[in-house]
2 protein chains.
Amino acid sequence: MDLRIKKSTRALLDASFQVLLVNPRASLSEIAKLAGVGRATLYRHYSTREELIAAIAIESLDLIEQSLAPIIAAKQSGLKAVEAMVEKLLPLADRFHFLQTVWTIAELDRQVWAMYETQMNQIWLWIDEGQKKGEIHAELSAEWIVAVIDSMLYSASWMLNQSKMPEQHVKEQFLILLKHGITTE
Amino acid sequence: MDLRIKKSTRALLDASFQVLLVNPRASLSEIAKLAGVGRATLYRHYSTREELIAAIAIESLDLIEQSLAPIIAAKQSGLKAVEAMVEKLLPLADRFHFLQTVWTIAELDRQVWAMYETQMNQIWLWIDEGQKKGEIHAELSAEWIVAVIDSMLYSASWMLNQSKMPEQHVKEQFLILLKHGITTE
DNA sequence: TAGTTATGATACAATAGTGTCTCATATGGT
DNA sequence: ACCATATGAGACACTATTGTATCATAACTA
């Protein structure tokens with residue numbers, strides 16, 4: 001593949017991700033400028049705003065998929081798999097933040113939705129296994145647990161960026177809260 | 001105060017809240033139309049988009065403040081106060097969702113920031129009390145707990161709207177997860 | 001009821017954003 | 001080194017959005 005295309009799309013995806021995270025109203029001109037790429041070039045690769053957003057969403061979901069792959073390969077299951085998942089996904093907290101902010105647009109894309117569904121099913125499976133094994137509270141719905149992990153990753157992105165808590169520390173706090181809650185019992 | 005003003009600002013705040021929650025890029029014309037109010041009237045009350053967003057943010061923070069007031073009045077403290085807070089704030093989950101999506105704009109407003117800080121301090125205080133009493137894990141930073149409650153309210157709004165889980169059920173799941181985490185130990 | 005004023009409709013100018021096209025240039029593939 | 005092509009710069013038409021102004025009318029206050 002042509003290096004020039006690789007270079008421009010890379011710059012565009014990076015700049016878009018960065019800008020749209022902070023300002024979802026940013027214009028395509030603004031994004032092109034920040035990417036150091038001609039406006040026409042942006043339109044050549046992504047004919048609409050929606051397409052660009054979908055492309056970033058797909059890239060994000062791809063990164064998530066790659067992070068989960070080793071857990072699947074190692075045939076981990078139940079709570080152990082969920083724990084491993086959290087550790088792997090923490091570095092991608094910003095991607096979750098992005099997906100949440102653009103979700104109403106991104107979810108309209110077929111591929112985005114398909115990837116999202118696949119991953120959701122995988123996570124549900126792990127939670128379900130954990131519940132069957134008695135490791136995870138059976139009263140909690142898998143849907144709710146997934147939603148909470150998702151939004152906790154959003155919090156994690158906040159903590160990493162705004163309050164500069166080191167990643168190792170965020171990881172510990174994340175797992176304590178997720179596994180044991182806030183009470184000492 | 002003139003009833004006409006009350007009526008238009010009410011309609012504008014409601015419509016804006018509803019629309020911006022789904023589409024943060026909505027134009028002011030769009031919002032005015034949905035509010036059933038002339039575009040000129042919108043500009044008479046809110047001269048810029050930022051002002052409008054700040055107004056909704058202030059209203060939201062006001063609702064939150066009103067919900068927390070009885071807990072303060074009853075002099076509750078520590079974990080009990082946190083639990084009571086969650087119950088009171090759950091019906092305002094959408095407001096938290098809104099605040100998160102427009103925060104980069106809203107936080108620039110002095111009044112918004114002041115109200116936010118006051119409430120944050122109150123919540124920190126409760127958590128701190130809970131930790132001193134030994135009810136809440138001391139290893140968890142108050143900042144992290146607050147961030148997580150905030151984003152769990154976002155999840156709750158998702159569950160209430162998208163997956164139509166009844167509020168009572170969401171409340172139970174919220175408290176189980178927050179207090180005890182997902183593990184059975 | 002009389003006077004005030006907020007409103008909707010409309011027009012208007014100014015600006016910003018979109019989407020397409022052309023063309024000389026530079027960069028990459030082979 | 002040669003050819004193909006992706007690029008940036010610029011021009012262009014078009015639409016959307018903003019922000020202001022005017023004015024007759026309706027709704028409110030006292």
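Only a predicted model underlies this, so the values are computations on that prediction, with no experimental measurement involved. Residue numbers begin at 1 in each chain, while the letters A, B, ... track the order of the sequences.
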Original post:
Considering all heavy atoms of both residues, which atom of A/Val170 and which atom of A/Met165 are nearest to each other, and what is their separation?
Top reply: CG2-SD, 3.6 Å
**OP:** Any side-chain hydrogen bond (donor to acceptor under 3.5 Å, both in side chains) involving residues 5-21 of chain B? Give me the pairs, sequence neighbours left out, ordered by first then second residue.
**Re:** B/Arg10-B/Asp14, B/Arg10-B/Glu59
Original post:
Taking only residues two or more places apart in sequence, or in another chain, which ones meet B/Gln162 in a side chain to side chain contact (heavy atoms under 4.5 Å, CB included)?
Top reply: B/Trp158
**OP:** Would you give the length of the straight line joining atom CZ of B/Phe98 to atom CD1 of B/Ile56, rounded to the nearest 0.5 angstrom?
**Re:** 3.5 Å
Original post:
Does some side-chain heavy atom of B/Ile182 sit less than 4.5 Å from a side-chain heavy atom of A/Ile149?
Top reply: no
**OP:** Five pairs at each end of the helix from C/dT1-D/dA30 to C/dT30-D/dA1: take the axis at both ends and give me the angle between them to 10°.
**Re:** 60°
**OP:** Quick one: list whatever passes ring-ring contact (aromatic ring centres under 6.0 Å, His included) with B/Tyr116, sequence neighbours left out.
**Re:** B/Trp103, B/Trp113
Original post:
How long is the span from the OG atom in B/Ser155 to the CD atom in A/Gln100, to the nearest 0.5 Å?
Top reply: 7.0 Å
Original post:
Would you say B/Glu135's side chain and A/Thr184's backbone share a donor-acceptor pair under 3.5 angstrom?
Top reply: no
Subject >> Rounded interatomic separation in angstrom, taking OH from B/Tyr43 and C1' from C/dA13 >> reply: 14 Å
Original post:
Around atom CD of B/Glu172, are there more than 12 heavy atoms of other residues, nucleotides or ligands at under 6.0 Å?
Top reply: yes
**OP:** Taking only heavy atoms on the protein side, list every residue of residues 17-37 of chain B lying under 4.0 Å from any atom of DNA chain D, sorted numerically.
**Re:** B/Ser27, B/Leu28, B/Ser29
Original post:
Is a side-chain N or O of B/Glu50 found less than 3.5 angstrom from the main chain of B/Ala106, in a donor-acceptor match?
Top reply: no
Pick out the pairs of N or O atoms, protein on one side and nucleotides 25-29 of chain D on the other, that lie under 3.5 Å.
{"residue": "D/dA27", "atom": "N3", "partner": "B/Arg4", "partner atom": "NH1", "Å": "2.9"}
{"residue": "D/dT29", "atom": "OP1", "partner": "B/Met1", "partner atom": "O", "Å": "3.3"}

Expected list for residues 80-91 of chain B: side-chain donor-acceptor pairs under 3.5 angstrom, two or more places apart:
{"residue": "B/Glu83", "atom": "OE1", "partner": "B/Lys179", "partner atom": "NZ", "Å": "3.4"}
{"residue": "B/Glu87", "atom": "OE1", "partner": "B/Lys171", "partner atom": "NZ", "Å": "3.3"}

Subject >> Partner set under side chain to side chain contact (heavy atoms under 4.5 Å, CB included) for A/Ser157, not counting sequence neighbours >> reply: A/Ala93, A/Asp94, A/His97, A/Asn161
Original post:
Rounded to the Å, how far apart are A/Leu12 CG and D/dT7 C1'?
Top reply: 12 Å
**OP:** Using a cut-off of strictly less than 4.0 Å between a heavy atom of the residue and any atom of DNA chain D, enumerate the qualifying residues of residues 46-54 of chain A by number.
**Re:** none
Subject >> Side-chain N or O of A/His45 closer than 4.0 Å to phosphate OP1/OP2 of D/dA6 >> reply: no
Original post:
Atom CD1 of B/Ile5 and atom P of C/dT5: how far apart are they, to the nearest Å?
Top reply: 10 Å
Subject >> Contacts of type side chain to side chain contact (heavy atoms under 4.5 Å, CB included), residue B/Glu129, not counting sequence neighbours >> reply: B/Ser77, B/Leu125, B/Trp126
Original post:
For the base of D/dG10, is there a side-chain donor-acceptor partner from A/Arg39 under 3.5 Å away?
Top reply: no
Using distance only, find each side-chain donor-acceptor pair of residues 65-72 of chain B under 3.5 Å and give its atom names and separation, not counting sequence neighbours.
{"residue": "B/Gln66", "atom": "NE2", "partner": "B/Asp62", "partner atom": "OD2", "Å": "3.4"}
{"residue": "B/Ser67", "atom": "OG", "partner": "B/Leu63", "partner atom": "O", "Å": "2.9"}

Give each protein N/O atom lying under 3.5 Å from an N/O atom of nucleotides 21-24 of chain D, with the pair distance.
none

Subject >> A/Glu51 atom CD, neighbour heavy-atom count above 12 within 6.0 Å >> reply: yes
